[in-house]
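One-based numbering along the sequence shown.
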Amino acid sequence: MHNGLYHIDLNLLKLFHSLYCCRSVTQAAQQMHLSQSAFSHALSRLRQQLDDPLFIRSASAMIPTPYADAISVEVGQVLDRLSDCLLSKQAFSPALSQHAFRIAVTDFTALMLMSRLAKRISTLAPKVRLNLIHDEQRMPLSRFETGQLDLALGFSHDDAEGHRLVSESLWWEGDYCTLASSKVMKMNRDIFLASRHILVSPWGTDTGIVDQVLALQGLSRDIAIQLPNVINAPFLVEESGYLVTLPRQAARLLAHSLPLNEFDVPLPMPSYKLTLMSYKPTENTPENLWLREQINGLFDTHEA
């Protein structure tokens, strides 16, 4: 790179290009939103930096010197390339795009969203692809950092954020319920604590929100089976007689055809929050903004 480039103000090259095209200081100054005196002062600086008069005043126009003619085409091309590079983000065109989105999900978040999201996407963006990925980390920052994820669908019971992850609340489940076999006719805290339980733990932790609530009361429960997914849990309840505690909407989606009884949880359970996580450096790319809008729209229009 020529050392002189470090001393050239980009605005001076824009000024040069404008004057070369207009051949009039008055018109070029108007294009640059400068007064004629400010324009003339800037032109003087450029002449000094390039060691050439660049333009010679005549009776009718500013005439470029041979050096100005020699550099004009390339200066114009450089400015065009810079303009293209620095243009505002191009709009995402869902109807034409073949973009592949990578979304981390649990089986529960996929169950709650994906059939409705797929229906919407197939209509609005028929060539877009959704790649659903299971991640063992609740906050999969490393996958975001390496470009392996665009979004993550998860759940929590608080408003915590990762250092570089942005969490949006999509939906709050009002309450939990406990599923039991049809032989269980009532539920209270004593029966709950005396029973064995199924723990659904998508990220492999040994305890869940029920255990956290019990721990606050100095209590614990007997976990018989720990599962990485929620879909099999109601079937195990039917066959084993164990209890499982789930957000009520999920329990009803999964167990509506099974001979199970549904009870209120005999504990003060917090609300359940379905969350959409994005990565701060890429959260506002046109395609990610569009997909987040579609996901949020599933709840804004009361499709949940």
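- Side-chain contact between Phe101 and Leu151 is absent, with no heavy-atom pair separated by less than 4.5 Å.
- A salt bridge is absent between Asp52 and Arg47; no separation between the charged side-chain nitrogens and carboxylate oxygens falls under 4.0 Å.
- Residues Arg248 and Cys177 approach most closely at NH1-CB, 3.5 Å, considering heavy atoms.
- Nearest heavy-atom pair across Val237 and Ser181 is CG1-N, 3.8 Å.
- The CG atom of Leu117 lies 9.5 Å from the OG atom of Ser122; values are rounded to the nearest 0.5 Å.
- With hydrogens and angles ignored, the 3.5 Å screen pairs a side-chain donor or acceptor of Thr123 with a backbone N or O of Lys119.
- Distance CD1/Ile209 to CG/Leu199: 11.5 Å, rounded to 0.5 Å.
- No continuous path of ILVMFWY side-chain contacts below 4.5 Å connects Leu15 to Ile56, so the two sit in separate hydrophobic clusters.
- From Thr245, atom OG1 reaches atom CE of Met187 across 8.0 Å, with rounding to the nearest 0.5 Å.
- The cluster map of Ile, Leu, Val, Met, Phe, Trp and Tyr, joined by side-chain heavy atoms under 4.5 Å apart, puts Leu193 and Val265 in the same cluster.
- Using a distance-only test at 3.5 Å, with no hydrogens or angles considered, no donor-acceptor pair links the side chain of Asn296 to the main chain of Glu293.
- For His41, the NE2 atom sits in a loose shell: 12 or fewer heavy atoms of surrounding residues, nucleotides or ligands are nearer than 6.0 Å.
- Judged by distance alone, the side chains of Tyr20 and Asp69 do bring a donor and an acceptor atom under 3.5 Å apart.
- Side chain of Thr146 to backbone of Ser142: a donor-acceptor contact under 3.5 angstrom is found.
- Remark: Leu54 CG to Gln49 CD distance equals 10.5 Å, nearest 0.5 Å.
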**OP:** Could you go through the side chain to side chain contact (heavy atoms under 4.5 Å, CB included) check for Phe108 and Leu253 one step at a time?
**Re:** CA-CA 10 Å; Phe108 171 63; Leu253 276 173; 5.9 Å; no
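- Across Asn232, Val230, Val244, a single residue satisfies side chain to side chain contact (heavy atoms under 4.5 Å, CB included) together with Leu254, and that is Val230.
- No side-chain heavy atom of Pro94 sits under 4.5 Å from any side-chain heavy atom of Lys127.
- Follow the hydrophobic side-chain contacts under 4.5 Å out from Ile63 and you never reach Tyr67; the two are in separate clusters.
- Residue pairs meeting the side-chain hydrogen bond (donor to acceptor under 3.5 Å, both in side chains) criterion with at least one member in residues 99-108, sequence neighbours excluded: Arg102-Asp150, Thr106-Thr109.
- Gln98 has its side chain out of reach of Arg129: every pair of non-hydrogen atoms, C-beta onward, lies at least 4.5 Å apart.
- With contacts defined as side-chain heavy-atom distances shorter than 4.5 Å, the pair Met112/Gln249 qualifies.
- Counting only heavy atoms from C-beta outward, the side chains of His134 and Val105 never approach each other to under 4.5 Å.
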**OP:** Evaluate the side chain to side chain contact (heavy atoms under 4.5 Å, CB included) criterion for residues Val213 and Gln217: first the C-alpha distance (whole Å), next the side-chain angles of each, then the deciding distance (0.1 Å), finally the verdict.
**Re:** CA-CA 7 Å; Val213 171; Gln217 302 178 32; 4.1 Å; yes
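- Sparse packing is recorded around CD of Glu74, with 12 or fewer heavy atoms of other residues, nucleotides or ligands lying under 6.0 Å away.
- Nearest heavy atom pair, residue Leu46 against residue Leu12, reads CD2-O, 3.5 Å.
- In this structure, the side chains of Leu267 and Val210 come closer than 4.5 Å at one or more pairs of heavy atoms.
- Side-chain heavy atoms closer than 4.5 Å link hydrophobic residues (I, L, V, M, F, W, Y) into clusters, and following such links, possibly through other members, connects Val184 to Phe235.
- Val78 and Leu19 fall within the same hydrophobic cluster, defined by Ile, Leu, Val, Met, Phe, Trp and Tyr side-chain heavy atoms under 4.5 Å apart, directly or through other members.
- There is no side-chain donor-acceptor pair under 3.5 Å between Gln212 and Thr207.
- Pairing each heavy atom of Met277 with each of Phe144, the nearest pair is O-CZ, 3.8 Å.
- Not counting sequence neighbours, Asn11 has no partner by the side-chain hydrogen bond (donor to acceptor under 3.5 Å, both in side chains) test.
- Remark: Thr285 OG1 to Arg292 CZ distance equals 8.5 Å, nearest 0.5 Å.
- Rounding to the nearest 0.5 Å gives a distance of 11.0 Å between OG of Ser195 and OH of Tyr242.
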Subject >> side chain to side chain contact (heavy atoms under 4.5 Å, CB included) between Leu82 and Leu10, worked out >> reply: CA-CA 10 Å; Leu82 281 172; Leu10 176 61; 3.8 Å; yes
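- Closest non-hydrogen pair, Ala104 versus Leu149, comes out as N-CD2, 3.5 Å.
- Aromatic rings from Phe263 and Phe192 are positioned such that their centres are separated by 6.0 Å or more.
- Qualifying salt bridge (charged side-chain N to carboxylate O under 4.0 Å, His left out) partners for Arg252, counting only residues two or more places apart in sequence or in other chains: Glu262.
- Counting heavy atoms from C-beta on, the side chains of Leu113 and Leu274 come closer than 4.5 Å.
- Within the 3.5 Å criterion, the main-chain N or O of Ala180 finds no donor-acceptor partner in the side chain of Glu238.
- Met114 places a side-chain heavy atom less than 4.5 Å from the side chain of Leu130.
- Remark: the backbone N or O of Lys186 is not paired with any side-chain donor or acceptor of Asn261 at under 3.5 angstrom.
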**OP:** Could you give me the CA-CA distance, side-chain angles and deciding distance for Met62 and Val25, then say whether side chain to side chain contact (heavy atoms under 4.5 Å, CB included) is met?
**Re:** CA-CA 8 Å; Met62 298 291 288; Val25 170; 4.1 Å; yes
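- Taking the six-membered ring for Trp and thresholds of 30 and 60 degrees, Phe55 and Phe16 have ring planes inclined between 30 and 60 degrees apart.
- Contact record, Glu283 with Ser278: CB-OG, 3.6 Å, taken as the closest heavy-atom pair.
- Enclosure of atom CZ in Arg189 is not indicated, since only 12 or fewer non-hydrogen atoms of other residues, nucleotides or ligands lie within 6.0 angstrom.
- No hydrogens or angles considered: nothing links the side chains of Ser93 and Ser97 as a donor-acceptor pair under 3.5 Å.
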